[in-house]
Asks: 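Here's a structure for you.
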2 protein chains.
Amino acid sequence: MFTIGQIAARTGTKVPTVRYYEGIGLLPEAERTAGGQRRYDRAALDRLGFIRHARALGFGLEDIRALLDIEGHGDAHAIAERQLRDVRDRMARLARLESELARIVGSCAGGGGTGPCRVLEALGDHDACAADH
Amino acid sequence: MFTIGQIAARTGTKVPTVRYYEGIGLLPEAERTAGGQRRYDRAALDRLGFIRHARALGFGLEDIRALLDIEGHGDAHAIAERQLRDVRDRMARLARLESELARIVGSCAGGGGTGPCRVLEALGDHDACAADH
DNA sequence: TATAATCCCTCTAGTGACTAGAGCTTCAAG
DNA sequence: CTTGAAGCTCTAGTCACTAGAGGGATTATA
Ligand SMILES: [Zn+2]
Ligand SMILES: [Zn+2]
Ligand SMILES: [Zn+2]
Ligand SMILES: [Zn+2]
């Protein structure tokens, strides 16, 4: 049996987060000692590990709930594919952002340059942007 | 003079968002009609336009507040450079995520394949991941 | 057995950047 | 003058936690 601090440490979670997961029903209610403290078995540890790994891969808690609820096959593949599409969308949007920002920052030479800073001006001027955002 | 609906429409903002910006002090308090409705001049419209453009470029509201407060030069360049670094960091993290997700989704043939779905299993197995996350 | 250090408990509230809704008032056009 | 659109304030909800207050439990050592 593990204390909440132990499963938190083993999965790289903060203690209040573990309680939060229990509160929203992602983790089952833990057993308690006579004094009211939570104690966990290996199954709970593994479940928390799964949750944290899926979080690290960018899944939202509702997706994770769905993944954990799956008995047979069915939805897991679709959820993962959707997540992959989401990540790729975000990458594309970030790439457009990055190119505008790089242009804006590059529009003046920086603190030590000769002229005044053009950054503020460039930030206000969407007409100079190439992509939509 | 513009109504709140007009400056919202012109800047691609929702009306409650404009009121929210006023509430947190990003927009100055608008003039009011005798009946208490907000009226805006061109300066307010431009300021809102700047805010929305900076938001679209990923700046947080506190950064935007700092940008708007700048009288002379100084900080604008540094804020923009930091934002650019942030965006590049996020791109790198997303790229690592994408490669893990692509591997996981690719680990089974999909709904129509022959074997059972490996996605759920792969999601739980961080040891198979190449990058840290 | 006493005490101290470390952990754990519940509960509330705050984060960022809005968004939704209830219930009401004002404005502008016809 | 009536009507309908748009405006008003206020509260609460979103997501995934995180911080803090004020207390209780457990464990190791003396
Ligand atoms: Zn500059
Ligand atoms: Zn732009
Ligand atoms: Zn599959
Ligand atoms: Zn992993």
Side-chain angles (χ1 to χ4, degrees), chain A residues 1-27 29-40 44 47-48 50-68 79 82-83 86-87 90 93 97 133, chain B residues 1-27 29-40 44 47-48 50-68 79 82-83 86-87 90 93 97 133:
Chain A
M1 297 300 256
F2 311 99
T3 66
I4 195 171
Q6 285 165 350
I7 62 162
R10 284 197 187 211
T11 57
T13 315
K14 293 189 180 163
V15 167
T17 304
V18 180
R19 290 195 280 250
Y20 168 74
Y21 288 159
E22 181 184 307
I24 63 171
L26 261 193
L27 286 175
E29 293 196 13
E31 291 173 51
R32 302 287 185 128
T33 64
Q37 298 195 355
R38 291 171 180 83
R39 290 295 181 271
Y40 296 91
R47 190 175 171 102
L48 179 56
F50 181 95
I51 293 170
R52 294 306 288 179
H53 193 228
R55 282 295 293 132
L57 290 167
F59 290 83
L61 292 184
E62 286 315 306
D63 279 347
I64 293 173
R65 192 192 300 277
L67 288 169
L68 287 165
I79 292 172
R82 176 164 50 72
Q83 173 65 11
D86 275 9
V87 166
R90 275 187 276 156
R93 273 193 295 107
L97 230 77
H133 44 215
Chain B
M1 298 298 255
F2 311 98
T3 67
I4 195 170
Q6 285 165 350
I7 62 162
R10 285 198 186 212
T11 57
T13 315
K14 293 189 179 164
V15 167
T17 304
V18 179
R19 289 194 281 250
Y20 169 74
Y21 288 159
E22 181 184 308
I24 63 171
L26 260 194
L27 286 175
E29 294 196 12
E31 290 173 52
R32 302 287 186 129
T33 64
Q37 298 196 354
R38 290 171 180 82
R39 291 295 181 269
Y40 296 90
R47 190 175 172 102
L48 180 56
F50 181 94
I51 293 170
R52 294 306 288 179
H53 193 227
R55 283 295 294 132
L57 289 167
F59 289 83
L61 292 185
E62 287 314 308
D63 278 347
I64 294 173
R65 192 192 300 277
L67 288 168
L68 287 166
I79 292 170
R82 176 163 51 72
Q83 174 64 10
D86 276 8
V87 166
R90 275 187 275 155
R93 273 193 295 104
L97 229 76
H133 45 213

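Quick note: numbers below take in every heavy atom, side chains included, and nothing from hydrogens, waters or symmetry partners. Each chain gets a letter, A, B and so on, in the order its sequence line appears, and its residues count up from 1.
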Asks: Counting any heavy atom closer than 4.0 Å, what does Phe59(A) reach on the DNA or RNA strands: base, sugar-phosphate only, or nothing?
Replies: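 It contacts nothing in the nucleic acid.
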Asks: Do the side chains of Arg19(B) and Glu22(B) get close enough for a salt bridge, i.e. N-O under 4.0 angstrom?
Replies: no
Asks: Does Thr17(A) place a side-chain N or O at less than 4.0 Å from the phosphate oxygens OP1/OP2 of dT18(D)?
Replies: yes
Asks: Would you mind reading off the distance between Glu62(B) atom CD and dG16(C) atom P, rounded to a whole angstrom?
Replies: 7 Å
Asks: Testing Leu27(A), Val15(A), Leu61(A) one by one against Tyr20(A) for a side chain to side chain contact (heavy atoms under 4.5 Å, CB included), which residue passes?
Replies: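 The passing option is Leu61(A).
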Asks: Hey, are the side chains of Tyr40(B) and Leu48(B) touching, using non-hydrogen atoms and a 4.5 Å cut-off?
Replies: no
Asks: In whole angstroms, how far is the P atom of dC15(D) from the CG atom of Asp63(A)?
Replies: 11 Å
Asks: Hey, does the side chain of Thr33(B) come within less than 4.0 Å of dC27(C)'s phosphate (OP1/OP2), counting only N and O?
Replies: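 It does, given that an N or O in the side chain of Thr33(B) lies less than 4.0 Å from OP1 or OP2 of dC27(C).
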Asks: Please step through side chain to side chain contact (heavy atoms under 4.5 Å, CB included) for the pair Arg39(B) and Thr3(B), ending with a clear verdict.
Replies: CA-CA 5 Å; Arg39(B) 291 295 181 269; Thr3(B) 67; 3.9 Å; yes
Asks: Mind calculating the distance between CG (Leu26(A)) and P (dC15(D)) to the nearest angstrom?
Replies: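 Taking atom P of dC15(D) as the reference, CG of Leu26(A) is at 12 Å.
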Asks: Figure out the CG/C1' separation between Leu61(A) and dA16(D), and round it to whole Å.
Replies: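 Going from CG in Leu61(A) over to C1' in dA16(D) covers 6 Å.
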Asks: Using OP1 and OP2 only, check whether a side-chain N or O of Arg52(A) sits under 4.0 Å from dC17(D).
Replies: yes
Asks: For Arg65(A) and dA16(D), give me the distance from atom CZ to atom P, rounded to whole Å.
Replies: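 Result: 10 Å.
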Asks: Check the pair Arg38(A) / Glu29(A) against side chain to side chain contact (heavy atoms under 4.5 Å, CB included), numbers first and verdict last.
Replies: CA-CA 9 Å; Arg38(A) 291 171 180 83; Glu29(A) 293 196 13; over 6 Å; no
Asks: What are the two closest non-hydrogen atoms of Arg52(B) and Gly12(B), and how far apart are they?
Replies: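 Here Arg52(B) and Gly12(B) meet closest at NH2-O, 3.8 Å.
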Asks: Between C1' on dT19(C) and OH on Tyr21(B), what's the gap in Å once rounded to a whole number?
Replies: 12 Å
Asks: For dG16(C), does either OP1 or OP2 sit under 4.0 Å from a side-chain N or O belonging to Tyr20(B)?
Replies: no
Asks: Rounded to the nearest Å, what distance is computed from the CE atom of residue Met1(A) to the C1' atom of nucleotide dT27(D)?
Replies: 18 Å
Asks: What protein N or O atoms touch nucleotides 8-11 of chain C N or O atoms at under 3.5 angstrom, if any, and at what distances?
Replies:
unit_1	atom_1	unit_2	atom_2	d
dC8(C)	OP1	Thr3(A)	OG1	2.9
dC8(C)	OP1	Gly5(A)	N	2.7
dC9(C)	OP1	Arg38(A)	N	2.9
dC9(C)	OP1	Arg38(A)	NH1	2.8
dC9(C)	OP2	Arg19(A)	NH1	2.3
dC9(C)	OP2	Arg38(A)	NH1	3.4
dT10(C)	OP1	Arg32(A)	NH1	3.3
dT10(C)	OP1	Arg32(A)	NH2	3.1
dT10(C)	OP2	Arg38(A)	NH1	3.0
dT10(C)	OP2	Arg38(A)	NH2	2.9

Asks: Measure the distance from CG on Leu27(A) to C1' on dC17(D) and round it to the nearest whole Å.
Replies: 14 Å
